Amino acid sequence: MARARPPSLGLRIVALALALGACAPMEDAVDALGLLRDLQAGAAGPAEASGRHVVTWTHRGEVLAADLYRPRAPRAALVLMPGLGRAGRRDARVVDFARALSRAQFAVMVPDVPNFQAQRVSADDGELVADAVRDLLARPEGKGPVGIAGVSYAVGPAVLAALAPDLAPRIDVIVAIGGYYDTTSVVTFFTTGFFREEATAPWRRGVPNAYGKWVFVLANAERLDDARDRAALAAMARRKLDDLDADIADLTARLGPEGQAVVDLLANRDPDRVPGLIAALPRAVQADLAGLNLAGRDLGVLRADFILIHGRDDVIIPYTETTSLARALPSAQARVALLDSLAHADLGPGGLADGVRLWHAAYVLMQARR
């Protein structure tokens, strides 16, 4: 979760939020406001009610660390999965979010995921998240309502984890911030800038952040069979992630057919060509994209309530991915908050409407404690 600096709510938002909550449990309405207040305070907020403990968990025989934030009297528990970022569970923004949730009486487990910190993705990431949830369920903190919160890329693996037959009946809430639904649509956006509400709608043009395409290259370079292409693409991505204006002509000249297929996709500007260019990628890359795709999966088996938050100004993953995910869910289970000032997952100053939408999302999350 990005450093939570929600819009200044002010007395008008406080009064309006309390009025909206008057017909529902007042405690949840007030606690939702408290969560937004703590998010706004960030690192300056009180930490005494949210002690952080390092615990271990296991995925496929590998022992990994996690931070477990334990409130004095937890009423529910969440696994919080950060997106792709080198700081991982100790990113200051993640810590602020976990502490704020803990002060709202959620026990919060933030797993250490080396793969995410290296900005690599895999079709197996859903099973990794599932193992983290299973670990939480086995702890005393996991005996009540349990949920998953995912940020950015982690939203997909979080939903895939919730689809596991043993977890689907146990997950009560999923919070998705700046997430995706269709991997082809995401690739289309970060390579061409085009997006649309649904498959039959006309294309719309945005301005994607070029950073996303190089994260994709770095995440998939190791999937190539050709060692020279793997090395060249990885070096290309690292150079660009350090400096988006860096020259990579020397590395491009070394590429064989596999690496060239990746570069052809990145250079394309026609959204209608993207499916064909994806089909020309190395099979391992195609397999990961298919394995991480939520489109076409039966999400109706999930019993969890979904709190879906996305910024209309997102330049990494377009907000239409969240609205597509909402359409794929039973309507009674999806609560969508589209914000005008969120960027990708980094809240900034916003207006009254954003404040009320955030309060309502927080209110639904408070209800999940029951």
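Positions are given from 1 along the sequence. The structure presented is a predicted model; accordingly, all values stated were derived computationally and were not measured.
- A salt bridge links Asp250 to Arg239: at least one charged side-chain nitrogen sits closer than 4.0 Å to a carboxylate oxygen.
- A tilted orientation is assigned to the rings of His360 and Tyr363, their planes being inclined by 30° to 60°.
- No side-chain donor-acceptor contact under 3.5 Å links Glu141 to the backbone of Ala77.
- Side-chain atoms of Asp288 come within 3.5 Å of backbone atoms of Ala123 as a donor-acceptor pair (strictly under, hydrogens ignored).
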Indicate every side-chain donor-acceptor pair of residues 325-335 with a distance under 3.5 Å to a residue at least two apart or in another chain.
residue : atom : partner : partner atom : Å
Arg327  : NH2  : Glu197  : O            : 2.5
Arg327  : NH2  : Ser324  : OG           : 3.2
Gln333  : NE2  : Leu302  : O            : 2.9
Gln333  : NE2  : Ala304  : O            : 2.8
Arg335  : NH1  : Asp305  : OD1          : 3.2
Arg335  : NH1  : Ala332  : O            : 2.8

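- No donor-acceptor distance shorter than 3.5 angstrom exists from the side chain of Trp203 to the backbone of Asp272, with no hydrogens or angles considered.
- Contact record, Arg170 with Leu137: NH2-CD2, 2.9 Å, taken as the closest heavy-atom pair.
- With contacts defined as side-chain heavy-atom distances shorter than 4.5 Å, the pair Met366/Leu35 qualifies.
- Between Asp172 and Arg303 a salt bridge is recorded (basic side-chain N to carboxylate O distance below 4.0 Å).
- In this structure the side chain of Pro145 never reaches within 4.5 angstrom of the side chain of Arg370, judged on heavy atoms.
- Taking both residues in full, the closest heavy atoms of Leu255 and Met236 are given as CD1-CE, 4.0 Å, listed atom of the first, atom of the second, then distance.
- In this structure, Thr322 contributes its side chain and Leu308 its backbone to no donor-acceptor pair below 3.5 Å.
- Closest heavy-atom contact between Asp313 and Leu339: OD1-O, 4.4 Å.
- Ion pairing between Arg134 and Asp166 holds under the 4.0 Å rule for side-chain N and carboxylate O.
- The side-chain heavy atoms of Tyr69 and Val95, taken from C-beta on, include a pair separated by under 4.5 Å.
- No option in Arg103, Arg369, Gln367 other than Arg369 meets the side chain to side chain donor-acceptor pair (under 3.5 Å) test with Asp31.
- Counting only distance, with no hydrogens or angles, the side chain of Glu258 and the backbone of Asp226 share a donor-acceptor pair below 3.5 Å.
- Two residues are said to be in side-chain contact when any heavy atoms from C-beta on lie closer than 4.5 Å; Arg238 and Leu218 meet this criterion.
- Val215 is listed as a side-chain neighbour of Leu241, based on a closest heavy-atom distance under 4.5 Å.
- Screening Ile316, Asp125, Val186, Ile317 for a side-chain contact (heavy atoms from CB on, under 4.5 Å) involving Tyr153 leaves a single residue, Asp125.
- In summary, Arg75 and Glu27 engage in a salt bridge, as defined by a charged side-chain N under 4.0 Å from a carboxylate O.
- Phe306 places a side-chain heavy atom less than 4.5 Å from the side chain of Ile174.
- Between the Arg254 side chain and the Leu251 main chain, no donor and acceptor come within less than 3.5 Å of each other.
- Residues Phe194 and Phe189 keep their aromatic ring centres 6.0 Å or farther apart.
- Residues Asp38 and Asp96 are not in side-chain contact: their nearest non-hydrogen atoms beyond the backbone lie 4.5 Å or more apart.
- Remark: the backbone N or O of Arg99 is not paired with any side-chain donor or acceptor of Ser102 at under 3.5 angstrom.
- Judged by distance alone, the side chain of Gln105 and the main-chain N or O of Ala76 form no donor-acceptor pair under 3.5 Å.
- The pair Arg86-Asp91 does not meet the salt-bridge criterion, since no charged nitrogen lies less than 4.0 angstrom from a carboxylate oxygen.
- Across all their heavy atoms, Gly193 and Pro208 have their closest contact at CA-CD, 3.5 Å.
- When all heavy atoms of Leu78 and Ala149 are compared, the pair lying nearest together is CD2-N, 4.5 Å.
- Pairing each heavy atom of Ile171 with each of Gly147, the nearest pair is CG2-CA, 4.3 Å.
- Between Leu163 and Arg297 there is a side-chain heavy-atom pair separated by less than 4.5 Å.
- In Arg269, the CZ atom is crowded: over 12 heavy atoms of neighbouring residues, nucleotides or ligands sit closer than 6.0 Å.
- Qualifying salt bridge (Lys or Arg N to Asp or Glu O under 4.0 Å) partners for Arg139, counting only residues two or more places apart in sequence or in other chains: Asp135.
- Under a 3.5 Å cut-off, the side chain of Lys240 and the backbone N or O of Ala246 do form a donor-acceptor pair.
- A salt bridge links Asp124 and Arg60; the closest N-O separation between the charged side-chain nitrogens and carboxylate oxygens is under 4.0 Å.
- Judged purely by atom type and a 3.5 angstrom limit, Asp229 uses its side chain to pair as donor or acceptor with the backbone of Gly259.
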